[in-house]
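Below is one structure, written out as structure tokens, with a few remarks after it.
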Amino acid sequence: MHDSRAGSVYDTLLERGYIAQVSDEDGVRELLAGTGVRFYIGFDPTADSLHVGHFIQMMVMAHLQRAGHVPIALMGCGTAMVGDPSGRTDLRQMLTLETITHNAERFREQMRILLDFTDDRALMVNNADWLLDLNYVDFLRDIGVHFSVNRMLAAEAYRQRMEKGLTFLEFNYMLMQAYDFLELHRRYGVRLQLGGDDQWSNILAGADLIRRKEQTEAYALTIKLLTTSEGIKMGKTARGALWLDPEKCPVFDFYQYWRNIDDADVINSLRLVTFVPMEEIRGWEHLTGSQLNPVKERLAWEVTAIVHGREAADSARQQARALFAGPGEASDMPETLLSAAELEAGVGLLELLERSGLSPSRSAARRLVRQGGVRLDDEVVHDEALVLTAADFADGHRILRAGKKRFHRLRPTD
RNA sequence: GGGGGAGUACCCAAGUGGCCAAAGGGGGCAGACUGUAAAUCUGUUGUCUACGACUUCGGUGGUUCAAAUCCACUCUCCCCCA
């Protein structure tokens, strides 16, 4: 870490805007002023890739690790079996243990992009190890006694569910997460749990439990959720969440998401998803309008470099520059190969739009053409019945565009 | 266990026998304007071999020339009482 003097990590987190709520600010600041503090964040493997929401939390872990503390990434294979109802309006789909285990494996790999797990500088544990074999009655007598249903129902996280209904299965989630905290306290001396702001009540429940069972002070700190200046959750793309897995969200799309970010969100994003020093960021705060374009480019490059590596970030940037400057270089963009046989017969434009994924159906492709949203190289195509043959590929490849920002290369096989 | 209510396209939500591929809003997509931004305006938003055809209104089976709309059974959810 270049910009954090010893003992001031907490202030770094504060300054960069990560912190949403803290149970005891002075206590946490003091705790973090030392070194080698073990803290944890839980990640439930409910999908086969992490997304930007998790990424912010990993950034916080990374900041703390660089300041000499020891992050524990908890894989919630046990809790994922139940599903966290916090902030949700409906029941999560129940996942099988196989799916969960598979997802956890993917999480595990992705965690390495930001955290250094060598020599126990960070730990990875799995709550399935202690949750799955619990004895029901023992658990109820040991842990369940400490929970007041009245208090739980009052928790903000459940409020939405009070209207739609809450199953007993999900209602137990809080106890499980609280128990995790206790277990990690016992095993590793953990006294601080971090999490998304929607986890506030779950984390507090754990801190309370530790206080009661171990007479030790434990702390809760939540991290701001990534939202736009309007308070809307960030990280949604046309094709769903902003996944860290390049298979689920191509590097170019990932880069473009940040490159196209709203003016009002640039500075905030730089603080949260990059390691660009605050001094540098402050220098950009007064910029407005199109002056922000280079800053957006920097933002996009920095995040992409962290997640996908410098090389991939360079390539995405170069590609973007080229494409928006002109017809462009078609280096890494997704492509569709056309066989000599089908070019002989001729391939319809609508079919190509569908096959390339630029359009979900032929009907949608037709609409796109009618609205003037389709281009071959730089020319708008109005003829929806257009057929491409080998002759159209005299120069090698063609670039098919849908709208201004979606590109696809068409290339004949050799 | 008893009583009441609801399930409509990506989401919310109209529609209670033909004029319904289904109002309206949100969201998405495209075009204009721009800075690869926002806001605004316009168009569009089931599928297809496309001025027509086909498939949709929780599921199944009926009634009818004709059903999202009526009947039966069934699944799911919500509310009140226990």
Out of [options], which has the shortest distance to the side chain of [X]?
{"X": "A:Ser361", "options": "B:U36, B:C48, B:A30", "value": "B:C48"}
{"X": "A:Leu292", "options": "B:G35, B:U44, B:A37", "value": "B:G35"}
{"X": "A:Asp262", "options": "B:A37, B:G43, B:A50", "value": "B:A37"}
{"X": "A:Asn293", "options": "B:G35, B:A38, B:C29", "value": "B:G35"}

Does [N] pair with anything, Watson-Crick or G-U wobble, both distances under 3.5 Å, and if so, with which nucleotide?
{"N": "B:A30", "result": "B:U42"}
{"N": "B:G1", "result": "B:C81"}
{"N": "B:U16", "result": "none"}
{"N": "B:G35", "result": "none"}

Check your understanding: Expressed as a whole number of Å, how far does the C1' atom of B:U45 sit from that of B:C11?
Key -> 14 Å
Point to revise | Rounded P spacing from B:C73 to B:U16 in Å | key: 24 Å
Practice item. Return yes when atom CD of A:Glu344 has more than 12 non-hydrogen atoms of other residues, nucleotides or ligands closer than 6.0 Å, and no otherwise. Key: no
Check your understanding: Near A:Arg151 CZ, under 6.0 Å, is it more than 12 heavy atoms from other residues, nucleotides or ligands?
Key ->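 At most 12 heavy atoms, drawn from other residues, nucleotides or ligands, come within 6.0 Å of this atom.
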Exercise for review: Return yes if some donor-acceptor pair links the side-chain N/O of A:Thr304 with the main-chain N/O of A:Ala313 below 3.5 Å, else return no.
Suggested key: no
**Study point:** Ionic contact status for A:Glu15 with A:Arg271, cut-off 4.0 Å
**Key:** no
Practice item. Before accepting this row, confirm whether a basic side-chain N of the pair A:Arg366/A:Glu354 lies closer than 4.0 Å to the acidic partner's carboxylate O. Key: no
**Study point:** Cation-pi, A:Phe117 ring and A:Arg112 (6.0 angstrom, 45 degrees)
**Key:** yes
Nucleotide N/O of nucleotides 32-34 of chain B paired with protein N/O under 3.5 Å:
unit_1	atom_1	unit_2	atom_2	d
B:A32	OP2	A:Lys404	NZ	3.1

